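Bear in mind the structure is a predicted one, so any value in this text is a computation, not a measurement.
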Amino acid sequence: MNATTQLSPDLSAGLANLLGVVGDNKYSLGMHLSSWSVGTPGLESAVACAAIAQAHLGQSRAVFPLANDLAGEGVELGPPDERERQYRMSCLDEPFDTWGQAVATLYLVDPALDIVLRALSGLSDELARRVARILDESHFNADFARGRVVELTTRWPAGRDQLQAHLPRIVTEVLCWFGPTGEPGVEALRDAGILTLDNDGMRSAWLDAVMPLLVEHGYDVGVTGEPGAWQMPDLPWDAWNGLQRRVEG
């Protein structure tokens, strides 16, 4: 089936926006990780980091053309450095100053993007193939990021401090990134069967994916509880930019 012909214009635009946002964040994450492919503590990590960076750049370029098809005439979605308005999280605005920042960002941001992609349903054959390919590659990324969190925490004297300096802020932004409860665009996509999870469902799935390791190693990120019953802090919705899906300031 062809999603561009079977969806209403509003739903096509909503799906295009969702894919464009994922593409922007994949692209920016890949660009910043690429600068660490020669600065990681160890040759193995450097090689893996370079591979992950290139994979993210390739994934973003695979998503943008399909998002353009869904968006229709007059909308151009492509690499964010080629347009004025960008749709990335604020934690991806600048290059990573430390290896700990790179690891914390990869560990927290990548699963959020994958959760959105996993929640997609009823896609065109081509889009479904591309999403499946991205998610197949994500297993390596998740294992690598998890291993680096453990390595920094247990083997590097300054590793815990580097991670702790960035984890709480990124956790807060990603929690907001899924959008406020009952967000109309997400609700419309879920009601149409294009998304299998709403804002809160995606947020909960992400917490289940990333929080157990942080709890196990004693990181304070403002979230308490256990899988399926996490307690979140008050989120800064007054600083939330819903158009560009980012926390400002």
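T98 contributes a side-chain N or O that, together with a main-chain N or O of Q101, makes up a donor-acceptor pair within less than 3.5 Å. Judged by distance alone, with hydrogens and angles left aside, the side-chain atoms of S138 form a donor-acceptor pair with the main-chain N or O of L135 at under 3.5 Å. Between the side chain of Q86 and the main chain of D24, no donor-acceptor pair closer than 3.5 Å is present. The backbone N or O of G179 lies less than 3.5 Å from no partner atom in the side chain of W240, so there is not a single donor-acceptor pair. R148 places no side-chain N or O within 3.5 Å of a backbone atom of Y107 that could act as its donor or acceptor partner.
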task: Determine, step by step, whether L123 and R129 satisfy the side-chain contact (heavy atoms from CB on, under 4.5 Å) criterion, reporting the C-alpha distance in whole Å, the side-chain angles of both residues, the deciding distance to 0.1 Å, and the verdict.
output: CA-CA 9 Å; L123 305 175; R129 279 194 295 271; over 6 Å; no
message: For W177 and V109: C-alpha separation, side-chain torsions, deciding distance, then whether side-chain contact (heavy atoms from CB on, under 4.5 Å) applies.
response: CA-CA 10 Å; W177 184 75; V109 170; over 6 Å; no
- request: Give the intermediate values and the outcome of side-chain contact (heavy atoms from CB on, under 4.5 Å) for residues V171 and W206.
  value: CA-CA 10 Å; V171 165; W206 178 75; 4.2 Å; yes
query: Please walk me through it: do D200 and R203 pass salt bridge (charged side-chain N to carboxylate O under 4.0 Å, His left out)?
result: CA-CA 5 Å; D200 292 332; R203 210 174 348 259; 2.7 Å; yes
- prompt: side-chain contact (heavy atoms from CB on, under 4.5 Å) between D198 and M202: does it pass, once the steps are laid out?
  reply: CA-CA 6 Å; D198 61 10; M202 290 187 284; over 6 Å; no
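With a 4.5 Å cut-off on side-chain heavy atoms, L152 and L163 count as touching. At least one side-chain heavy atom of D93 sits less than 4.5 Å from a side-chain heavy atom of R246. Side-chain atoms of Y27 and H56, non-hydrogen and from C-beta on, never get closer than 4.5 Å to each other. Put simply, the side chain of V22 does not reach to within 4.5 Å of the side chain of V63, judged on heavy atoms. Put simply, the side chain of I170 reaches to within 4.5 Å of the side chain of T105, judged on heavy atoms. The shortest side-chain heavy-atom distance between L19 and F64 does not fall under the 4.5 Å cut-off. In this structure, the side chains of T172 and M232 stay at 4.5 Å or more apart for every pair of heavy atoms. Counting heavy atoms from C-beta outward, L120 and L18 have side chains that approach closer than 4.5 Å.
Salt bridge status for K26 with D114: present, with a side-chain N to carboxylate O gap under 4.0 Å. Using a 4.0 Å cut-off between a side-chain N of Lys or Arg and a carboxylate O of Asp or Glu, R130 and E126 qualify as a salt bridge.
Here the closest heavy-atom approach between residue Q162 and residue G100 is recorded as OE1-N, 2.8 Å. For the pair A53 and S34, the tightest heavy-atom approach, listed with the atom from each and the gap, is CB-N, 3.5 Å. Nearest heavy-atom pair across S12 and L70 is CB-O, 3.4 Å. Nearest heavy atoms, L11 versus L7: CB-CB, 4.2 Å. A pairwise comparison of heavy atoms in A50 and S37 identifies CB-CB, 3.5 Å as the closest pair. Nearest heavy-atom pair across S60 and G23 is CB-O, 3.3 Å.
Note that CG of L127 and CG of D69 are 10.0 Å apart. Values are rounded to the nearest 0.5 Å. Here CG of L29 is found 8.0 Å from CG of N25. Values are rounded to the nearest 0.5 Å. Atom CD of E94 sits about 11.0 Å away from atom OG of S28, to the nearest 0.5 Å. In this structure, the separation between CZ on R146 and CG on N141 is 15.0 Å, given to the nearest 0.5 Å. One finds the CD atom of E248 at 11.5 Å from the CG atom of D238 (value rounded to the nearest 0.5 Å). Taken to the nearest 0.5 Å, the CD atom of Q54 stands 10.5 Å off from the CG atom of L33.
For V150, the side-chain contact (heavy atoms from CB on, under 4.5 Å) test picks out T154, L213, H217, with sequence neighbours left out. Applying the ring pair (Phe, Tyr, Trp, His ring centres under 6.0 Å) test to H32 and every residue at least two apart in sequence or in another chain returns F96. With sequence neighbours excluded, the residues satisfying side-chain hydrogen bond (donor to acceptor under 3.5 Å, both in side chains) with W230 are D208.
Under 3.5 Å, the side chains of E137 and Q59 contain a donor-acceptor pair of N or O atoms.
The neighbour count for E44 CD, taken as heavy atoms of other residues, nucleotides or ligands under 6.0 Å away, does not exceed 12.
When each of V103, V221, V210, L175 is tested with L108 by the rule side-chain contact (heavy atoms from CB on, under 4.5 Å), just one qualifies, namely V210.
Under the ring-ring contact (aromatic ring centres under 6.0 Å, His included) criterion, no residue pair touches residues 114-159, with sequence neighbours excluded. Applying the salt bridge (charged side-chain N to carboxylate O under 4.0 Å, His left out) definition to pairs two or more places apart or across chains, those involving residues 156-183 are E183-R245.
Note on W237: it clusters hydrophobically with L207, by side-chain heavy-atom contacts below 4.5 Å among ILVMFWY residues.
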Could you give the side-chain donor-acceptor pairs of residues 184-197 under 3.5 Å, partners two or more places apart or in another chain?
residue: T196; atom: OG1; partner: A119; partner atom: O; Å: 3.3

